[in-house]
**Q** 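Dropping the structure in here first, questions after.
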Protein chains: 2
Amino acid sequence: MTLSAAERLTSTAARLFQEKGLSRVGINEIIREADVARMSLYNNFQSKEDLAMAAYAAMSQARREAINAATAAAKGPKEAILAIFDLAERLAQAPSFTGCSFINLAAHLGDDDERLTDLVRRHKLGIRLQFEDLVRALGAPDPVMLGRQLLALWDGAIADSFIENDTAPIRAARDAAAKLVEA
Amino acid sequence: MTLSAAERLTSTAARLFQEKGLSRVGINEIIREADVARMSLYNNFQSKEDLAMAAYAAMSQARREAINAATAAAKGPKEAILAIFDLAERLAQAPSFTGCSFINLAAHLGDDDERLTDLVRRHKLGIRLQFEDLVRALGAPDPVMLGRQLLALWDGAIADSFIENDTAPIRAARDAAAKLVEA
DNA sequence: TGCAAAGTATACATGTCGGTCTACCTAGAT
DNA sequence: ATCTAGGTAGACCGACATGTATACTTTGCA
């Protein structure tokens with residue numbers, strides 16, 4: 001049971017977009033790496049943007065599931081929140097780590113790329129609500145604000161970790177998250 | 001006294017790079033907007049990368065100075081830190097706000113763009129040290145870590161504010177910064 | 001066996017990119 | 001008056017981008 005052309009395209013595009021950013025990956029590179037004919041791309045997707053939608057949607061789902069797995073293994077909401085930051089630290093140790101693919105994607109889009117912009121927004125909203133649910137389970141007085149604060153720490157730490165090429169920002173953010181959650 | 005071609009190029013490029021991102025702005029657009037001949041660009045700069053270095057260096061200095069102005073007007077270190085987040089909120093209200101130009105720049109670079117990558121790293125280090133100096137003046141027990149935490153909040157809040165098109169993430173981050181600084 | 005769906009291979013159209021070349025034109029200082 | 005530094009105008013180049021057209025091959029199934 002080999003993978004179909006569409007499946008190979010989506011996963012290959014996801015990997016390349018993650019590593020290099022949307023506008024630094026061309027059609028030619030994608031089909032070469034996916035070992036697929038040029039026309040197979042355009043028979044399965046209407047355009048590069050369509051392929052990008054599929055690739056980033058898959059990335060978004062994978063990230064959500066990784067967070068769910070990390071929280072499910074934790075013994076309580078507070079431990080779950082810390083586990084999410086531990087997940088970030090693990091991701092940042094990968095040699096091909098380039099920060100948050102969705103923040104990076106937003107940096108490549110223009111006013112006309114409404115569908116991809118919306119995908120980024122929905123992705124971040126989803127992560128934020130995951131934090132919000134956890135702090136609500138803890139009985140935090142303002143779960144919406146605390147959810148926003150944890151998301152900012154997460155996003156900022158991942159961006160800084162990429163720029164510094166060091167996981168120290170993520171460990172610091174984890175510590176800040178613990179303090180905010182305890183208060 | 002009209003501006004020289006080099007000055008017009010640098011400021012125009014800075015504005016366009018900020019608004020659209022490095023790889024979405026072409027030479028042709030820059031020289032058109034700067035009202036400068038094509039050859040004037042290459043007489044003053046060796047390449048687009050050189051112009052980008054000048055433009056982003058100017059942006060970095062401007063941002064550092066804006067932060068210094070905000071902290072100088074504050075009556076103490078804690079107020080200075082909060083003033084930096086108020087500055088972020090003000091910046092995010094501009095119609096052309098697109099998040100942090102340096103995080104965005106990093107998202108456009110490849111392994112070969114060493115000079116611009118270094119510029120991003122130095123810029124973030126500078127901001128981090130500004131936070132670090134302020135918390136050290138407050139007598140914080142671990143100023144390096146707290147400086148990293150404030151930077152993560154700042155960067156994450158600015159990114160999220162751009163994605164959500166709302167300043168709520170910045171106000172939440174300001175509140176988190178206050179709590180961390182007090183503890 | 002035969003047919004339809006999926007995939008392949010490749011040439012091509014069209015546009016934009018960063019960058020170079022040549023020739024010309026000032027404005028100001030000596 | 002002339003020379004020079006800085007600026008201008010526009011044709012041009014090679015490389016690469018997304019996307020299309022056409023004709024051929026494979027594969028699974030009825």
**Q** With distance as the sole criterion, is a donor-acceptor pair present between the side chains of A/N68 and A/Q130 under 3.5 Å?
**A**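 Result is yes, a qualifying pair exists.
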**Q** Is the ring pair B/F102/B/H123 parallel, tilted or perpendicular, if the boundaries are 30 and 60 degrees?
**A**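 The rings of B/F102 and B/H123 lie parallel, inter-plane angle below 30°.
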**Q** What is the separation between atom CG on A/N43 and atom P on C/dT8, rounded to the nearest whole Å?
**A**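 Value for this atom pair: 10 Å.
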**Q** Checking the side chain of A/T12 only, and the main-chain atoms of A/I31 only, is there a donor and an acceptor separated by less than 3.5 Å?
**A**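 Not confirmed, A/T12 side chain does not pair with A/I31 backbone.
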**Q** Using whole Å, what does the distance between atom P of nucleotide D/dC16 and atom NZ of A/K48 come to?
**A**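 My rounded result for the distance is 15 Å.
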**Q** Just how far, in rounded Å, is P of C/dG7 from CG of A/D35?
**A**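 One finds 13 Å between P of C/dG7 and CG of A/D35, rounded.
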**Q** Between B/R8 and A/R24, name the one whose nearest nucleotide on DNA chain D is closer to the 5' end.
**A**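 Nearest-nucleotide comparison on DNA chain D picks B/R8.
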**Q** Please state how far atom CE in A/M39 lies from atom P in C/dT10, giving the value in whole angstrom units.
**A**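 Taking CE of A/M39 and P of C/dT10, I get 15 Å after rounding.
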**Q** Take atom CG of B/D50 and atom C1' of C/dG19, then tell me their distance rounded to the nearest Å.
**A**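 My rounded result for the distance is 13 Å.
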**Q** Calculate the interatomic distance between A/F45 atom CZ and D/dG19 atom C1'; express it in whole Å.
**A**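 It works out to 16 Å between those atoms.
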**Q** Tell me: CG of A/L41 to P of C/dA6, nearest whole Å?
**A**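 After rounding, the reported distance stands at 16 Å.
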**Q** Write down the distance between CG (B/L3) and C1' (D/dG7), rounded to a whole number of angstrom.
**A**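 Those two atoms, CG and C1', are 15 Å apart.
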**Q** Taking N and O atoms by type only, does the side chain of A/R38 place a donor or acceptor under 3.5 Å from a partner on the base of D/dG19?
**A**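 Pair found.
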